[in-house]
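The chains referred to below are lettered A, B, ... by the order of the sequence lines, with proteins before strands, and numbering in each begins at 1.
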Protein chains: 2
Amino acid sequence: MTQERPDLRERKKRATQEALREAALRLALEHGTANVRVADIAEAAGVSPRTYNNYFSSREQAIVAAVTARREARIAEATAAQPAHIPLADAVTTAIVQVYTTPGDDDHPALLLIATDPALRHAFLDTTAGIEAPLTTAMARRLGHTDQDTARILAASVTAAVRIALERWLRPATGSAAGLVVPTGSLPDLLRDALAPLAPALDAAR
Amino acid sequence: MTQERPDLRERKKRATQEALREAALRLALEHGTANVRVADIAEAAGVSPRTYNNYFSSREQAIVAAVTARREARIAEATAAQPAHIPLADAVTTAIVQVYTTPGDDDHPALLLIATDPALRHAFLDTTAGIEAPLTTAMARRLGHTDQDTARILAASVTAAVRIALERWLRPATGSAAGLVVPTGSLPDLLRDALAPLAPALDAAR
DNA sequence: ACGCAAACTTGCGTGCACGCAAGTTTTGCC
DNA sequence: GGCAAAACTTGCGTGCACGCAAGTTTGCGT
């Protein structure tokens, strides 16, 4: 795997990125999304506001990144890890369910926050697009490199389906009272249901 | 059809919207995308800058809207117009090809502009998402209302495929020289190819 | 015809994204 | 070890998106 990056530069970059992410999330949880200025995040992470903007192009993006970081890489790994002989639809579904139902255990409060705020919700759903590229290559590999274009289309469709599942998962949270927000409304089931209609197309690709 | 809206208010709104759209496009074509201030567009349309922002939330959106206006409505019509007995995949493909290959004849210069500017290209591709809702209802109707959720997933997948086709269509434009930009690289073929992998899933929905 | 309520416009203020042109750190090479 | 190029950070300036609270226009019931 392409995993070696002990470059000093690279490590610093990752560190700054993480500092920004976590500062953003922490401040948002402490003071509420609306009361977090970009300047605050930058200061808390020990960099200039301008640098913050070199890493994220919106407050929402930074906050949400604390939860979605590394998801793309995990998707790639999980898909590659599926046994080669099972049908594509099963492989993809399993991989996705696996990644999305193993969140960092400490980010439940974060998900609650995201579910509450419309802007955050939107930003969160947008990050789903990030899995398209890794999915494309993983699926292309499975399809024997013969049809790069088909893989791309199918990956994009899967991505769209996942987005819809997440959308549905977060929607109930907007409901009246507070109760147990972030409904945990069986994300795995939502994902499986969303992916099911695509199975014929996935398995038709030889 | 829900087509009656001769409300005075409604007419004024449409008029303002159109004025803004066309002002934006005209100015962009005349002076180049980078040299168009929001204030200019607003002035050219005869409204305040603040009002401009009530209609569009970015310059790119306004410019691109001049080309994509009413596409959503046309998608709905075209899909509904397909004979009920042909397979879903064929119906959808035909409808989409029809809509995307019948652009306003006078907007070829606009497409050239869009193909040139990365920000505009992005904004243009983003408008594709607008066809998802109409597609969903049109497809749900065909599927006999039995499976609203499936329709949504399939519509989203189709939308993703269309986006990719448009992406490919616009990509060659970034190439070296200028030559015949907006390659007209057979958009219909690109669309058909992009939709083909989804056919099994579309036809599996009963 | 009148008037109230809802919809739309506008000016203002705030925070923000991002290009640009220095400064600063890291790297690779001799 | 030292130095030149590449990568990254930072301050500054500009244009922008959008909330808010008037002001204005349109719709509608009586």
Interatomic distance, N35(B) CG vs dG15(D) C1' [rounded to whole Å]: 13 Å
Measure from the side-chain heavy atoms of S48(B) and tell me the nearest of dC16(C), dT10(D), dT10(C). dT10(C)
note: R14(B), atom CZ; dC8(C), atom P; distance rounded to Å ~ 12 Å
Heavy atoms from C-beta onward define the side chain here; which of dA7(C), dC16(D), dT9(D) lies closest to that of R9(B)? dA7(C)
T137(A) (side chain) donor-acceptor with P134(A) (main chain) under 3.5 angstrom: yes
Any N or O donor-acceptor pair under 3.5 Å from the base of dT9(D) to the side chain of R50(A)? no
Could you walk me through whether Q17(B) and R21(B) pass the side chain to side chain donor-acceptor pair (under 3.5 Å) check? CA-CA 6 Å; Q17(B) 227 256 14; R21(B) 265 193 264 137; 2.9 Å; yes
Taking R168(A) for its side chain and L190(A) for its backbone only, find out whether a donor-acceptor pair lies under 3.5 Å. no
Take the protein atom CG of D7(A) and the nucleotide atom C1' of dT26(C), then report the distance between them rounded to whole Å. 8 Å
Would you say T51(A) places a side-chain N or O within less than 4.0 Å of OP1 or OP2 belonging to dT9(D)? no
Without decimals, in angstroms, what is the distance between L8(A) CG and dA7(D) C1'? 12 Å
Closest approach to the side chain of V47(B), judged atom by atom: which nucleotide of dC16(C), dG11(D), dT10(C) is it? dT10(C)
Between V36(B) and K13(A), the residue closer to the 5' end of DNA chain D by nearest nucleotide is K13(A)
Under the 3.5 angstrom rule, does the side chain of T127(A) hit a backbone N or O of F124(A) as a donor-acceptor pair? yes
Mind checking if Y52(A) touches a base, just sugar-phosphate, or nothing, with heavy atoms under 4.0 Å? sugar-phosphate
Once you round it to whole Å, what is the distance between P of dT10(C) and CG of N54(B)? 9 Å
Rounded to whole Å, the CZ-C1' distance (R11(A) to dA7(D)) equals 16 Å
Ignoring backbone atoms, establish whether R37(B) has a side-chain N or O less than 4.0 Å from OP1 or OP2 of dG15(D). yes
Determine whether a donor-acceptor pair (one donor, one acceptor, N or O, separation below 3.5 Å) exists between the side chain of R59(A) and the base of dA17(C). no
Looking only at atom types and distance, does a side-chain atom of Y52(A) sit under 3.5 Å from a main-chain N or O of D40(A), one as donor and one as acceptor? no
dA17(C) P sits how many Å from N53(B) CG, rounded? 16 Å
What does F56(B) touch in the nucleic acid at a heavy-atom separation under 4.0 angstrom: a base, only the sugar-phosphate, or nothing? nothing
Nearest whole angstrom, please: distance from the C1' of dT10(C) to the CG of L20(B). 14 Å
N or O in side chain of Y55(A) less than 4.0 angstrom from dC8(D) OP1/OP2: no
OP1 or OP2 of dT26(C) under 4.0 Å from side-chain N/O of K12(A): yes
